[in-house]
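Reviewing the structure listed below.
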Amino acid sequence: FDAVLTPHLSMWNALPAAERHPLVRQMARQGVPLPWVPHAGRPYGLAFVGVQNQHRPLRAWLCELVGERWPLETRQNISFSEMLELYQQARIVPNEASAGESNYRMMEAASAGAVVVTPDVGADQNALFEPGWEICVYRNACDLMEKVEELLAEPKQAESLAYAAWERIQKDHLPVNRAKQIVSLAESIRQGREPEEHAGASRRFYFDSSLWLARVQGMRGGVSGFSGPNTGNATAPTAVPPGGGPTGETLNLSIGMLL
């Protein structure tokens, strides 16, 4: 590979130098473009979506711990859009990170405008959201319970955190942001390999190739309605798939193929 993209740059950098690729960049899972829903209209205080079984003991422990103290809406084996709809109805989403990772749930809950209460996993997470300003981090079980209790008791503070994270998603973590990162990296790799007069053609090649790959993957997955960038997005529903409409879906699937 010419380059490696990973959400967990610190884990990669911890590898012995001889085992690391020379060109590595951080790229986390993209967020979802969803409308802001004020917390006053949300019926649930806490919600959690994820499979709970013997293979996920930490997740089951988290739900049991929080659910014994407060009402916790839990769901398993639901669709992506159903999950986003639930998170849009909740004010707080507690999170676990069984491998010390920055995971999908953090991006999904923040996209839906819920407060993310997540373990303090360090630099990789902090590069995505600012602790204490955009997300709420905890160190242990006691700290988790104290943070949740404080957020429930201070709804304005909770909504302020949630809105800051939602804004960060809109600014830095949508599919178009990830696409720009990939194209920029590809351009930097290209430089030095060909004369500058071919740069425009290369840039168009990257875009055309990405669009073609997205359409192929869409047809294979039974997704129709892909369109180019000049057609615009349809009116966004309450909960939308990653990318937020035909053009956004194209970007999202292109990233999936390129990664």
Side-chain angles (χ1 to χ4, degrees), residues 1-34 80 101-104 106-108 110-111 122-130 167-233 240-259:
F1 298 101
D2 292 305
V4 173
L5 300 171
T6 175
H8 307 115
L9 190 60
S10 64
M11 295 182 185
W12 186 277
N13 290 337
L15 294 171
E19 299 178 13
R20 296 199 303 262
H21 193 284
L23 182 55
V24 183
R25 295 290 184 270
Q26 184 178 31
M27 178 173 288
R29 169 83 175 192
Q30 70 273 11
V32 186
L34 294 171
F80 189 78
E101 81 284 5
S102 301
N103 56 31
Y104 293 172
M106 180 173 62
M107 304 299 289
E108 294 157 354
S111 296
D124 295 327
Q125 180 172 274
N126 297 346
L128 304 173
F129 299 100
E130 184 177 344
E167 279 195 316
R168 183 70 179 272
I169 291 284
Q170 313 309 308
K171 177 177 177 288
D172 293 333
H173 300 316
L174 292 180
V176 66
N177 301 112
R178 299 295 182 259
K180 287 178 179 179
Q181 286 180 272
I182 292 172
V183 171
S184 176
L185 179 59
E187 284 289 309
S188 68
I189 294 172
R190 178 199 59 79
Q191 290 176 4
R193 292 186 180 178
E194 61 182 56
E196 181 60 30
E197 59 265 23
H198 297 310
S202 294
R203 192 174 295 110
R204 182 66 194 177
F205 170 78
Y206 293 137
F207 177 80
D208 289 345
S209 298
S210 298
L211 187 60
W212 181 82
L213 288 170
R215 285 172 172 161
V216 170
Q217 184 166 328
M219 287 186 289
R220 286 177 177 173
V223 179
S224 60
F226 285 97
S227 57
N230 295 323
T231 59
N233 287 328
V240 296
T247 304
E249 286 169 359
T250 300
L251 285 170
N252 187 66
L253 290 171
S254 300
I255 293 172
M257 294 293 290
L258 290 169
L259 287 177

Inset, instruction - Identify, with sequence neighbours excluded, every residue that meets side chain to side chain donor-acceptor pair (under 3.5 Å) alongside N13. - result: none
Which heavy atom in [X] sits nearest to a heavy atom in [Y], and how many Å separate them?
{"X": "P7", "Y": "A28", "value": "CB-CA, 3.9 Å"}
{"X": "P175", "Y": "G31", "value": "CD-O, 3.6 Å"}
{"X": "P33", "Y": "Q170", "value": "CA-OE1, 4.4 Å"}

Listed partners of [X] passing side chain to side chain contact (heavy atoms under 4.5 Å, CB included), at least two apart:
{"X": "V24", "value": "V4, T6, L9, W12, H21"}
{"X": "Q181", "value": "M27, R178"}
{"X": "A3", "value": "L23, L185, I189"}
{"X": "N177", "value": "L174"}

Legend entry - Gap between atom CD of E130 and atom CD of Q125 - 0.5 Å precision: 12.5 Å
Legend entry - Point-to-point distance, once rounded to the nearest 0.5 Å, from OG of S184 to CZ of R25: 9.0 Å
Inset, instruction - Go through the steps to decide whether I169 and L34 satisfy the test side-chain contact (heavy atoms from CB on, under 4.5 Å), and finish with yes or no. - result: CA-CA 10 Å; I169 291 284; L34 294 171; over 6 Å; no
Inset, instruction - For R29 and Y104, indicate whether the former's side chain and the latter's backbone hold a donor-acceptor pair under 3.5 Å. - result: no
Inset, instruction - Would you tell me whether S102 and D124 have side-chain atoms, one donor and one acceptor, within less than 3.5 Å of each other? - result: no
Inset, instruction - Apply ring pair (Phe, Tyr, Trp, His ring centres under 6.0 Å) to H173 and list each qualifying residue two or more places apart in sequence or on a separate chain. - result: F129
